[in-house]
Amino acid sequence: MEADETASCVGEDGGNVRWRQMRQRRALERRAATSQADATVKGLTEEERRMVEEEEEEEEEEEFIMCMEMSQGRGSASQVPAAGAVILLCLLLHSVPGDGATYTVGGAGGWTFNTSNWPKGKSFTAGDVLIFNYDSTIHNVITVDKRSYNGCKSPARAKVYNSGNDRIRLSKGQNYFICSGHCESGMKMAINAA
């Protein structure tokens with residue numbers, strides 16, 4: 001937030017006219033950024049898009065509170081450039097969901113039996129996000145190493161996901177995923193990310 005914007009975030013009548021103008025300008029900037037990031041955003045579900053929008057609204061509210069405190073003399077003007085830079089960085093990071101593409105594992109059927117061939121024909125890059133949708137009462141997702149993948153065993157320190165809607169960012173190289181109860185029935189998947 002610019003110093004002159006901070007001083008005038010509250011109008012002479014105590015209203016928030018200037019703040020609304022700033023919000024409108026930022027909304028236009030976000031829409032432009034969103035249209036540029038459409039290819040990345042297409043893989044997001046409606047709920048994920050809503051979560052991103054809620055995070056942006058929360059950040060705007062925090063910025064407004066800071067602006068109000070500054071105008072009432074409760075903040076430090078020296079904090080404005082650093083705080084503004086942090087808020088701007090957060091807005092930029094939340095405008096684009098990530099560096100890579102987003103894929104829903106197994107397509108409409110989700111993470112279930114016979115998804116081990118789902119990666120074939122797809123090119124994955126480190127930073128891509130896999131969304132695992134599944135029935136959490138009978139399945140889970142465990143990230144494992146090659147040995148555990150081949151043996152269908154979950155090591156003691158393995159990361160276990162069990163929400164039924166998990167987002168996992170791919171690391172460079174081989175990424176291995178299994179379902180603890182159904183790996184031996186073929187519910188496992190290996191993905192190489194460039």
Side-chain angles (χ1 to χ4, degrees), residues 30-62 86 89-194:
R30 266 197 312 277
R31 277 189 220 122
T34 301
S35 66
Q36 292 173 353
D38 269 349
T40 305
V41 174
K42 284 182 183 175
L44 294 179
T45 65
E46 189 62 36
E47 181 179 338
E48 292 164 336
R49 285 187 185 132
R50 184 183 49 75
M51 288 173 56
V52 169
E53 289 171 3
E54 286 175 1
E55 289 174 2
E56 289 173 354
E57 287 174 9
E58 288 174 10
E59 289 169 1
E60 286 179 1
E61 287 176 25
E62 289 173 9
V86 169
L89 179 62
C90 289
L91 287 172
L92 289 173
L93 289 175
H94 287 293
S95 295
V96 179
D99 295 334
T102 302
Y103 297 92
T104 301
V105 174
W111 170 242
T112 187
F113 299 101
N114 302 318
T115 53
S116 60
N117 290 326
W118 173 80
K120 289 188 177 157
K122 295 174 181 64
S123 296
F124 298 96
T125 306
D128 286 352
V129 175
L130 299 182
I131 300 173
F132 289 81
N133 293 317
Y134 55 93
D135 180 350
S136 62
T137 62
I138 56 174
H139 299 302
N140 62 13
V141 181
I142 305 174
T143 56
V144 295
D145 58 17
K146 184 177 183 176
R147 182 177 175 193
S148 299
Y149 174 82
N150 289 333
C152 285
K153 300 291 181 202
S154 176
R157 293 187 199 128
K159 175 68 177 163
V160 179
Y161 298 86
N162 55 16
S163 75
N165 185 14
D166 303 308
R167 297 173 55 87
I168 303 174
R169 190 171 301 277
L170 293 175
S171 303
K172 186 176 176 99
Q174 283 296 132
N175 294 259
Y176 299 97
F177 307 97
I178 65 170
C179 173
S180 63
H182 303 106
C183 178
E184 291 177 351
S185 299
M187 196 166 170
K188 62 183 189 175
M189 185 173 61
I191 292 180
N192 186 35

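For the numbers below, each heavy atom of this structure counts, side chains included, while hydrogens, waters and symmetry mates do not.
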Over all heavy atoms of both residues, which pair between Q174 and A190 is shortest? Give the atoms and the distance, please.
NE2-CB, 4.0 Å

Any pair counted as disulfide bond (SG atoms under 2.5 Å apart), so long as it reaches residues 108-176, sequence neighbours left out
C152-C183

In Å, rounded to the nearest 0.5 Å, how long is the span from CG of N175 to CG of L170?
4.5 Å

Say you draw a straight line from CG of D145 to CG of N150; how long is it, rounded to the nearest 0.5 Å?
9.0 Å

Can you name the side-chain contact (heavy atoms from CB on, under 4.5 Å) partners of K159, sequence neighbours left out?
T143, Y161

Taking only distance into account, with no hydrogens and no angle test, what donor-acceptor pairs under 3.5 Å do side-chain atoms of residues 109-124 form with protein atoms, sequence neighbours excluded?
unit_1, atom_1, unit_2, atom_2, d
W111, NE1, N140, O, 2.8
T115, OG1, T112, O, 2.9
N117, OD1, K120, NZ, 3.0
K122, NZ, W118, O, 2.8

Hey, does the side chain of N162 reach the backbone of V160 with a donor-acceptor pair shorter than 3.5 angstrom?
no

How close do A126 and S171 get, counting heavy atoms only, and between which atoms?
CB-C, 4.0 Å

Identify, with sequence neighbours excluded, every residue that meets ring-ring contact (aromatic ring centres under 6.0 Å, His included) alongside Y149.
Y176

Please tell me if the side chains of V105 and N133 come closer than 4.5 Å, counting only heavy atoms from C-beta onward.
no

Spell out, as yes or no, whether a donor-acceptor pair under 3.5 Å connects the side chain of D128 to the backbone of T125.
yes

Backbone N/O of V129 and side chain of R169: donor-acceptor pair under 3.5 Å
no

Taken in chain and number order and not counting sequence neighbours, the residues that satisfy side-chain contact (heavy atoms from CB on, under 4.5 Å) with S163 are N165, D166

Scan residues 181-194 for pairs that pass side chain to side chain donor-acceptor pair (under 3.5 Å), counting only residues two or more places apart or in two chains.
H139-H182

